[in-house]
2 protein chains.
Amino acid sequence: MNAVTNMTPQYSISDLAKEFDLTTRAIRFYEDRALLDPERQGTKRLYSRKDRARVKLIVRGKKLGFSLAEIHDLIELYENAADEVPQLERYYDKLSEHRRKLESQRQEIEQTIIELRVAEHECLATLRSKGIDRERS
Amino acid sequence: MNAVTNMTPQYSISDLAKEFDLTTRAIRFYEDRALLDPERQGTKRLYSRKDRARVKLIVRGKKLGFSLAEIHDLIELYENAADEVPQLERYYDKLSEHRRKLESQRQEIEQTIIELRVAEHECLATLRSKGIDRERS
DNA sequence: CCTAAGGTTGACGTTAACGTAAAGGTATAA
DNA sequence: TTATACCTTTACGTTAACGTCAACCTTAGG
């Protein structure tokens, strides 16, 4: 596993599967959906450092509730080093849009965390009172 | 719409659908999955303030990438005012666990936001240089 | 009375994201 | 050389979360 050739690390499909807790099936599926495009050594897939970074992006995206289609767009966004001004501007807009979306999502998470903290405190208070009741009886 | 009776507001299914940008089908589906259980006026559903709060929870949960099954558990968590100590402790553990999960999720979001900001800046820099190039030529 | 706008319950269709075999190639260790 | 551990493609199965009819009430307005 993890054959190091030519100073650039390579990973097998199961290397990545283990590292990111995915099945090989899932990884091949991502390739099918054009999220990955690894080299081949004969028939076998060889993943580069860059591929690994993509997998990381995919996993993170999924954790945050994005669909593979959305993640696909984001990857294209990240990797298409546009050079023409109109495309650069469009790229910038998409970046900002996605950032704003994430910021709103963060807002909701923080709100939920606050509510959970409140509930935790109430719970602890009740537990304490029950504890006192017991000591008294 | 929004019939106010007995000082407690009631909503029709399409009231809620419009407010939360859902279809009535989706709302009925949530009921099917035991996330909602509205009163009936004859055959028609009447949603209370509490039901509306639940819908809000559902929508928020979905935005954060939770499945309806997970959301179901959370709702039960919130509404089952346990009174026995062992159950209260279990309740507390579940709350904490969920909070930790959300905090980790927030961590990932913040990381992503940072990366997006970097990309935005790079993009702006490139745009500026292109602008200067133009002015010079 | 009739129509239009909502509401209801089935029940089958659809999409995403894989799971799960089946059938076979390849390379290395005993 | 044979077994073991990986890898491959092809293809059908599955689950979640609804979409989309169909066929049917009912209630307020013209």
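Labels below follow one simple rule: chain letters A, B, ... track the order of the sequence lines, proteins then strands, and each chain is numbered from 1.
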A.B. asks: Whole Å only: how far is the CD atom of A:Glu31 from the C1' atom of C:dA17?
C.D. replies: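 It works out to 16 Å between those atoms.
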A.B. asks: Without swapping roles, check the side chain of A:Ser48 against the backbone of A:Asp51 for a donor-acceptor pair under 3.5 Å.
C.D. replies: yes
A.B. asks: Any side-chain N or O of A:Lys62 under 4.0 Å from OP1/OP2 of C:dC18?
C.D. replies: yes
A.B. asks: What's the CD1-P distance between A:Ile27 and D:dC7, to the nearest Å?
C.D. replies: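 Distance check: A:Ile27 CD1 to D:dC7 P gives 10 Å.
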A.B. asks: Once you apply a heavy-atom cut-off of 4.0 Å, does B:Arg33 come out as touching a base, just sugar-phosphate, or nothing?
C.D. replies: sugar-phosphate
A.B. asks: Rounded to the Å, how far apart are A:Leu68 CG and C:dC18 C1'?
C.D. replies: 9 Å
A.B. asks: Measuring to OP1 and OP2 of C:dG7, would you say a side-chain N or O of B:Ser12 lies under 4.0 angstrom away?
C.D. replies: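 Checking C:dG7 against B:Ser12, a side-chain N or O does come within under 4.0 Å of OP1 or OP2.
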A.B. asks: Starting at CG of B:Leu46 and ending at P of C:dT8, how long is that distance when rounded to a whole Å?
C.D. replies: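 Those two atoms, CG and P, are 9 Å apart.
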A.B. asks: Over how many whole Å does the gap from A:Asp32 atom CG to C:dG19 atom C1' extend?
C.D. replies: 15 Å
A.B. asks: Report the distance from atom CD1 of A:Ile13 to atom C1' of C:dC18, rounded to the nearest whole Å.
C.D. replies: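 So the two atoms are 13 Å apart, to the nearest Å.
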A.B. asks: Calculate the interatomic distance between A:Arg28 atom CZ and D:dA11 atom P; express it in whole Å.
C.D. replies: 16 Å
A.B. asks: Say whether B:Glu115 and B:Gln111, considering side chains only, have a donor N or O and an acceptor N or O under 3.5 Å apart.
C.D. replies: yes
A.B. asks: Return whichever of B:Phe29 or B:Arg25 has its heavy-atom-nearest nucleotide of DNA chain D closer to the 5' end.
C.D. replies: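 Its nucleotide being nearer the 5' end, the pick is B:Phe29.
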A.B. asks: Once you apply a heavy-atom cut-off of 4.0 Å, does B:Ser67 come out as touching a base, just sugar-phosphate, or nothing?
C.D. replies: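 It contacts sugar-phosphate atoms only.
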A.B. asks: Counting just side-chain N and O atoms, does A:Tyr30 come under 4.0 Å of either OP1 or OP2 of C:dA17?
C.D. replies: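 No.
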A.B. asks: Test of understanding: clusters of I, L, V, M, F, W, Y form through side-chain heavy atoms closer than 4.5 Å, transitively. Do A:Leu46 and A:Ile13 belong to the same one?
C.D. replies: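 Per the 4.5 Å side-chain linkage, A:Leu46 and A:Ile13 are not co-clustered.
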A.B. asks: Mapping A:Ala26 and B:Arg40 to their closest nucleotides on DNA chain C, which lands nearer the 5' end?
C.D. replies: B:Arg40
A.B. asks: In whole angstrom, give the distance that lies between atom NZ of A:Lys44 and atom C1' of D:dC7.
C.D. replies: 5 Å
A.B. asks: Please lay out, stage by stage, how B:Glu76 and B:Lys94 fare under the test salt bridge (charged side-chain N to carboxylate O under 4.0 Å, His left out).
C.D. replies: CA-CA 11 Å; B:Glu76 281 213 320; B:Lys94 286 211 139 198; over 6 Å; no
A.B. asks: Is there a side-chain polar atom (N or O) of A:Thr43 under 4.0 Å from OP1 or OP2 of C:dT26?
C.D. replies: no
A.B. asks: Could you walk me through whether B:Asp93 and B:Ser96 pass the side chain to side chain donor-acceptor pair (under 3.5 Å) test, one step at a time?
C.D. replies: CA-CA 5 Å; B:Asp93 289 347; B:Ser96 309; 5.4 Å; no
A.B. asks: Give a yes/no on whether any side-chain N or O of B:Thr23 is located under 4.0 angstrom from OP1 or OP2 of D:dC18.
C.D. replies: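 No, no such contact exists.
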A.B. asks: Could you tell me whether A:Arg45 contacts a base, only the sugar-phosphate backbone, or nothing, with contacts defined as non-hydrogen atoms closer than 4.0 Å?
C.D. replies: sugar-phosphate
A.B. asks: Kindly say if A:Ser14 contacts the phosphate of D:dC7, meaning a side-chain N or O under 4.0 Å from OP1 or OP2.
C.D. replies: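 It does, given that an N or O in the side chain of A:Ser14 lies less than 4.0 Å from OP1 or OP2 of D:dC7.
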